[in-house]
Amino acid sequence: MPELPEIETIRNILKKDLIGKKIDKIDILFKKQFPDEPALVISAKIVDILRTGKVLSIKLSNGKYLNIHLKLSGQLLFAKNANHAVFPQEIPMAASNKLPARSTRVVIHFKDGSGLFFNEIRKFGWIKVSDKPERAKGVDVLSSDFTKEYFQSKMNSSRQIKIVLMDQDRLAGVGNIYANDALFEARVNPEKKANLLTKTETGHLYEAVKKVIQLGVKYSGSSGGDKMYVLPDGSAGGYQRYSSVYQKEGKPCVRCKTLIKRIKQGGRSSFFCPKCQK
DNA sequence: AGGGTTCCCTGTTGGC
DNA sequence: TGCCAACAGGGAACCC
């Protein structure tokens with residue numbers, strides 16, 4: 001499930017792979033996930049790759065942007081030879097180490113023969129052409145605008161703190177994995193209402209969000225559980241080895257050995273230690 | 001307006 | 001063992 005650290009990892013790698021390349025043609029295998037006119041970007045060069053929250057924005061020489069959201073199961077894979085794209089290991093959900101595969105929705109071909117594959121089995125993700133980078137309203141949690149004061153000002157909601165952490169119009173980039181781990185790190189119960197947290201708790205939580213997101217980036221993102229997330233070369237991320245509660249239902253808490261509990265909030269799974277997180 | 005629910009999709013899981 | 005309903009999940013769209 002790609003969140004900020006996963007998108008940031010992809011961004012850093014694709015910057016090396018793609019900057020300077022000229023778009024030759026675009027194969028659209030599922031129209032709904034690339035609804036715009038490909039002619040808007042053909043022959044443009046890739047100038048930069050940006051990210052705000054979970055949205056990746058490929059900046060082009062003609063002023064356009066290719067905005068990309070991977071949603072639940074999106075993958076971006078780069079191949080030097082797009083017409084013979086073979087990866088060292090099988091690509092999750094593609095049932096093959098060769099692309100395009102059944103999960104491939106869009107292929108962006110470059111003039112030098114290389115290509116970028118957009119795979120997405122669930123069909124929720126998208127690539128849109130726009131005149132500006134797309135973004136959620138919230139401040140990106142890796143940016144310098146993400147201050148403790150900003151964070152505390154966004155805790156003015158009567159909703160449960162877990163829901164608030166994942167609200168992209170408040171904080172951009174935090175999804176289920178890192179929200180769970182940040183709450184564990186800060187010892188805050190996910191069901192607590194955001195506006196009832198003490199100033200000390202919001203302070204700890206602010207530091208915890210920064211810590212787990214930075215850890216996620218350091219280990220190239222999380223490929224735990226369904227293992228759908230991969231780097232652009234098809235390899236897996238490593239954060240899942242350092243995750244404390246996400247998808248650890250029934251396993252002992254790393255701090256107190258109490259069994260990790262799973263509950264449902266807003267239709268999503270939450271994992272927490274009922275003893276450590278009060 | 002803010003808070004809550006449903007739906008989009010398809011692979012996986014679990015009950016019978 | 002095999003079938004099939006239930007489940008999972010980010011965020012837009014909807015309702016109250």
Side-chain angles (χ1 to χ4, degrees), chain A residues 1-8 10 29-35 51-57 67-76 90-96 100-106 118-128 130 133-141 153-183 190-196 209 213 216 221-230 240 243 245-250 260-272:
Chain A
M1 200 187 355
E3 304 176 27
L4 188 154
E6 289 73 32
I7 308 301
E8 181 67 5
I10 291 170
L29 307 177
F30 189 69
K31 185 82 178 84
K32 194 180 165 190
Q33 294 186 271
F34 194 116
R51 179 198 59 74
T52 303
K54 303 178 192 175
V55 183
L56 191 76
S57 298
N67 291 305
I68 304 175
H69 201 306
L70 300 181
K71 289 289 179 83
L72 303 175
S73 60
Q75 303 163 337
L76 289 170
E90 183 172 312
I91 305 300
M93 293 300 129
S96 167
R102 60 174 178 165
S103 55
T104 304
R105 309 299 180 203
V106 178
F118 174 54
N119 290 357
E120 217 266 315
I121 199 74
R122 291 275 186 277
K123 298 184 172 173
F124 290 161
W126 42 255
I127 302 181
K128 294 178 192 166
S130 172
E134 190 155 322
R135 53 162 304 162
K137 290 189 195 111
V139 157
D140 185 277
V141 297
S153 76
K154 292 297 171 188
M155 294 296 119
N156 60 344
S157 167
S158 62
R159 310 184 93 179
Q160 297 176 324
I161 181 60
K162 163 75 180 334
I163 307 279
V164 172
L165 280 185
M166 289 175 64
D167 180 354
Q168 302 300 299
D169 290 337
R170 292 173 190 270
L171 318 188
V174 179
N176 208 12
I177 300 171
Y178 299 96
N180 278 295
D181 282 349
L183 286 163
E191 292 184 284
K192 209 165 201 177
K193 293 194 186 292
N195 57 4
L196 296 183
V209 167
I213 290 289
S222 177
S223 296
D226 48 32
K227 297 183 167 60
M228 272 195 274
Y229 160 74
V230 287
Q240 64 280 4
S243 171
V245 286
Y246 182 66
Q247 288 180 339
K248 300 241 191 290
E249 182 186 16
I260 299 300
K261 204 172 158 187
R262 175 164 106 153
I263 57 170
K264 196 148 234 209
Q265 297 180 280
R268 308 287 178 265
S269 293
S270 296
F271 304 86
F272 70 106

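Fair warning: this is a prediction, and the values are worked out from it, not measured in the lab. Heavy atoms only: backbone and side chains are in, while hydrogens, waters and symmetry mates are out.
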If only side-chain N and O atoms of [X] are considered, is one of them under 4.0 Å from the OP1 or OP2 phosphate oxygen of [N]?
X: A:S157; N: B:dG3; result: yes
X: A:S158; N: B:dG3; result: yes
X: A:R122; N: B:dC8; result: no
X: A:R262; N: C:dA8; result: yes
X: A:K264; N: C:dG9; result: no

- Determine the contact category for A:I121: base if any of its heavy atoms lies under 4.0 Å from a base atom, sugar-phosphate if only primed atoms, P, OP1 or OP2 are that close, otherwise nothing. sugar-phosphate
- Using a heavy-atom cut-off of under 4.0 Å over every strand shown, decide if A:K193 touches base, sugar-phosphate, or nothing. nothing
Can you tell me the distance, in whole Å, between the [atom1] atom of [X] and the [atom2] atom of [N]?
X: A:M155; N: B:dG3; atom1: CE; atom2: P; value: 12 Å
X: A:E120; N: B:dC8; atom1: CD; atom2: P; value: 16 Å
X: A:K31; N: B:dC8; atom1: NZ; atom2: P; value: 21 Å

- Query: Backbone N or O of A:S57 within a donor-acceptor pair of the A:E134 side chain at under 3.5 Å?
  - Reply: no
- Counter-base of B:dA1, judged by Watson-Crick or G-U geometry with both distances under 3.5 Å: none
Can a side-chain donor-acceptor contact be found between [Y] and [X] if the only test is distance below 3.5 angstrom?
X: A:S157; Y: A:N195; value: no
X: A:D181; Y: A:S243; value: yes
X: A:R262; Y: A:S269; value: yes

